Structures are given as structure tokens and as C-alpha cells.
K.L.:
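Structure incoming, see below.
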Amino acid sequence: MVQQLSLFSSISKSQYELTKTSIETLTGFKSLTYQNINLISSPKIITKYEPNSKNAQYEQYKINLKAPFKPELHRNDYKDWILSIMDIPSAGKRKINTQSILESNIQILDKESNIDKYLDDLGYKVDTEYVIKGERFFYVNNITIEIFQILVKTETTQETEVKEKGDWEPIDPNFYIIKAFINVEKATDIENLQKSSNHLLNLKNELTGLVELDISDRNSMDSRIGLRK
Amino acid sequence: MQAPTTQNEQNIDHSGVPIEALESLRLRLTQVNKCQIGDQVNIIFTQLASLSATLSTYSETLAKTVVYPLPDFPTTEQESLLTTLLRKKALPEVNEWIEDSKKKSTDILLKDDEDLTDWALNLVINQRDEHEFRGFHTKKEIDEQINEDDDIKIKQDFSRPKYSIDEVLKFMYQGSLPTK
């Protein structure tokens, strides 16, 4: 389980090249492009919340799966996945998102099996599928900066142009999301968490005027099944 | 040269002619010949050259030298020497030479300068014609009539994001996107 400290921002397409070049200059490295397919899955049976019952402490989470994206493949063609379960970011007056993430590698060895079956065995089913396309930068003090867009499958409304797999289109072609984060191994490593927070805040200061990195609403990063909401 | 006035016209009254003075001049002039004049001129030149060399050698010292009379200096007898030595400005005569030579040299320079100015002016005009310092286009582009619509438009982006960061994150974590 890692603690992920993060800050977010968004830029318009017109700022993209400038921002990319600036961050490349800042980090001193060329960016790396990456694209992931992401699946969000929810439990098939949602435990009903009853006050004062046994399951009052019980919390169900959505499961997020990701794999390197290949346009020609269906999600059931991918064999290697990274499974992650994310807690809601810590509450309190904070300047930086702090979120626990549990991650594991999933390898589907059985040729007959696929990710849908795997999730089915866990009692989960895929809700949403999206692709992240972006650039990744590595900066000193273990900071990773990502500039990305989220793509979803277009709904093929036009009957004349039915595409079997559908085209992946950005949900907002004119905007990019920027995420700057540091992963800290242990949630108990207070010293390292404090140090990393300062590193991120320094980066925030450094990029002021170009990109305004900020903490996001912790509720938007909540992947719990919203029974109590 | 040898007393022409006495030889030439007989009927002219010679009473006004200073014969004695002329006679003595004639005597003295006979002693001077061309060769001698040449020698003298050479001596003067040599003297002047040596003086000029001496002055230039000691010019540094001389420029700093301050002349002042001692109490026992015979001021009354040597007044002229004193005034000459104590003179700070150049003599009017010397000033004339300086002005004269300055004028001459300035004249020459000015003449050259006019040509130089003309040349420089023409060069500037030519260079300016070759370059266009206004607008966003090179002369080549204007000559070739590049279409402005092909330019990269640098404009302020006033567009608003379709989804806020929180909405995008919500989609990434929960899979729900507000319909817009």
C-alpha cells in the first residue's frame, strides 16, 4: 500500500506545447508518452447499509484496472493488468491530496479466461472503460508529472458508419489534466510524507504562472460504493 | 638686380632714390648667393627639427612644468621674458596658426565626411529597403504574397473546460461523467 501525494491542474490545448516544453526544460528530460486502458468495476452485489448492524464497518470499493493501451485490442484480449483499489483521500485541512492506494499485478494465464471472467470471480463487473493518453515527466525528489487526456469510446449513433470497436475520443479535446505526484511507501513514514509534501509544494511554487497546481475535492477521488452518501 | 634704377632711364629725377642705402644693400647682397641661402635654410630646418624633437621628447615634463619667478628675479628688466614665460594662453600669432591649420584640416575632413555621410545614408536606405521592420512578415513573405490565413494564430484562449478537474477525477474514480 502506498500513500500517493498529488496535486492537479488543467490546461487548455493552446497552452499544451508551451507547458510541455517548460516542464521538459525544468526537468531536463524529454517526456515519455504513455497510454493506458482503464476499467472501473463495481461489486455485483452491493451490501445494504443498515445502521448498528454488523456490516456498519464494512466498506465496498470499486476496483480500478489498467493496462498499456493498444487500439486494436478488446479489453478481454489484454492479459496483464494492474489492479488498484483506492481509498478516499485523507480529510482535514491539507494543501496536498494524500491517498492510500493498494496495487497488484494481475496476470491472466488461462487462455480461456479474460478480465471480465476474472472480475466475475471476484464478484465484480466492469462499469466504465476509458483510456488515458498523456506524457509523463520525471523530476527530482521522486516527483512524477503527467499531462493527459481521457478518452472514451464514442457512441456510434450514425448507423451508416458503424465501427465495431468504436473510436476513442477525448471527453474534452481542448483540455488536458496535469497531475503531479509522489508515492510514499509507507503511510507511517511521517517524515518522508512531510518532506514529499514540501517537494510538491515547491514544484507548485515553481510552476506558478504557468500551471496552477492545486488540491482537488477529496470526494471526487472517492471510489467507495456510495452507500452512505 | 644691380641697381637697375640708375642704369635705365636717363631723364628721370634720381634725387629721391636712396643711393647710399641701395649701395650698401648691393654690397651685402653680393655676398649672398643662392648656395648660401640654401645652406642657411638647411641650417634653420635642422635647428627646427632638433627643437621639435627636443620638445616632443620632453613634452610630458614640459606639460607639467609650472613656471614661477623667484624673489630675486629682475622683474623690471626682464619683464617681457617674464610675461612670455608666465603666459598661459598661446600667443595671438600662434593662435592664428593653430586656427588656420585647424580650419584647413577641418575643411579636408568635412569634405571627406560629406562623402562618407552620403555613402552611409545610401547604405542605410538600401538596407532598410531590404528589410521590413514592421508587422509580422518578412519581405520575402510579402513579395510572395503569403496568405495571412495560413499563419499560426496566437490568440488568447477564452474557452472554458467542458469538465472541471473534480468532475474528471470523479469520472476516473467512479466512472460517472456529468452529462453536458
Side-chain angles (χ1 to χ4, degrees), chain A residues 6-18 36 38-42 61-64 66 84-89 97 99 101 126-132 148-150 152 170-179 212-226 229, chain B residues 109 112-180:
Chain A
S6 55
L7 286 173
F8 293 89
S9 183
S10 79
I11 50 159
S12 65
K13 201 173 183 177
S14 60
Q15 289 173 280
Y16 179 73
E17 282 302 323
L18 175 71
N36 289 330
N38 286 252
L39 307 176
I40 302 170
S41 55
S42 315
Y61 287 87
K62 293 191 182 203
I63 290 178
N64 195 313
K66 62 184 173 196
S84 35
I85 299 170
M86 291 160 285
D87 200 2
I88 183 167
N97 299 100
Q99 184 175 38
I101 300 174
V126 174
D127 284 342
T128 317
E129 208 176 327
Y130 65 89
V131 167
I132 288 180
F148 59 88
Q149 274 190 328
I150 292 176
V152 289
I171 54 168
D172 192 353
N174 291 320
F175 280 85
Y176 289 80
I177 300 284
I178 297 182
K179 178 184 183 183
E212 305 303 330
L213 287 166
D214 258 317
I215 185 168
S216 61
D217 177 9
R218 66 189 281 265
N219 287 320
S220 65
M221 293 166 80
D222 182 10
S223 63
R224 295 176 303 179
I225 303 300
K229 285 180 222 162
Chain B
L109 279 177
D112 285 355
D113 197 47
E114 266 169 39
D115 291 346
L116 189 75
T117 313
D118 279 349
W119 174 80
L121 190 66
N122 280 324
L123 194 77
V124 168
I125 290 166
N126 288 339
Q127 287 297 312
R128 199 183 57 189
D129 287 350
E130 276 177 37
H131 302 279
E132 178 63 64
F133 289 110
R134 280 159 294 171
F136 296 106
H137 298 278
T138 58
K139 184 145 195 300
K140 196 181 164 193
E141 282 172 341
I142 293 165
D143 287 348
E144 289 171 11
Q145 294 184 330
I146 301 288
N147 190 2
E148 284 216 9
D149 296 335
D150 297 339
D151 285 356
I152 297 166
K153 291 276 182 286
I154 300 171
K155 61 174 181 186
Q156 194 93 31
D157 198 339
F158 293 112
S159 58
R160 305 280 307 157
K162 206 168 156 193
Y163 303 103
S164 71
I165 299 168
D166 289 337
E167 283 168 342
V168 174
L169 287 170
K170 200 162 190 167
F171 175 71
M172 287 168 71
Y173 284 85
Q174 293 157 25
S176 57
L177 203 60
T179 43
K180 283 189 184 179

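What you are looking at is a predicted structure, and each value in this text was computed from that prediction instead of being measured. Each chain gets a letter, A, B and so on, in the order its sequence line appears, and its residues count up from 1.
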K.L.:
Side chain from CB out, backbone as N, CA, C, O: work out which of these in A:D217 comes under 4.5 Å of a heavy atom of chain B, or both, or neither.
P.N.:
both
K.L.:
Is the distance between the ring centroids of B:Y163 and B:F171 under 6.0 Å?
P.N.:
no
K.L.:
Name the region of A:M86, side chain, backbone, both or neither, that has any atom closer than 4.5 Å to a heavy atom of chain B.
P.N.:
side chain
K.L.:
What pairs with A:K62 under side-chain hydrogen bond (donor to acceptor under 3.5 Å, both in side chains), at least two apart in sequence or on another chain?
P.N.:
none
K.L.:
Who wins among A:I171, A:N64, A:D214 for the most heavy-atom pairs under 4.5 Å with chain B?
P.N.:
A:I171
K.L.:
Just so I know, are the side chains of B:E167 and B:P161 near enough to count as touching, which here means a heavy-atom distance under 4.5 Å?
P.N.:
no
K.L.:
Hey, which of A:D127, A:I177, A:I178 has the most heavy atom pairs under 4.5 Å with chain B?
P.N.:
A:I177
K.L.:
Can you sort out the partners of A:D87 under side-chain hydrogen bond (donor to acceptor under 3.5 Å, both in side chains), two or more places apart, ordered by chain and number?
P.N.:
A:Y61
K.L.:
Compute whether any side-chain donor of one residue and acceptor of the other, for A:Q99 and B:Y173, lie under 3.5 angstrom apart.
P.N.:
yes
K.L.:
What part of A:T128 gets within 4.5 angstrom of chain B, counting heavy atoms only: side chain, backbone, both, or neither?
P.N.:
side chain
K.L.:
Give, as side chain, backbone, both or neither, the part of A:Y130 having an atom under 4.5 angstrom from any heavy atom of chain B.
P.N.:
side chain
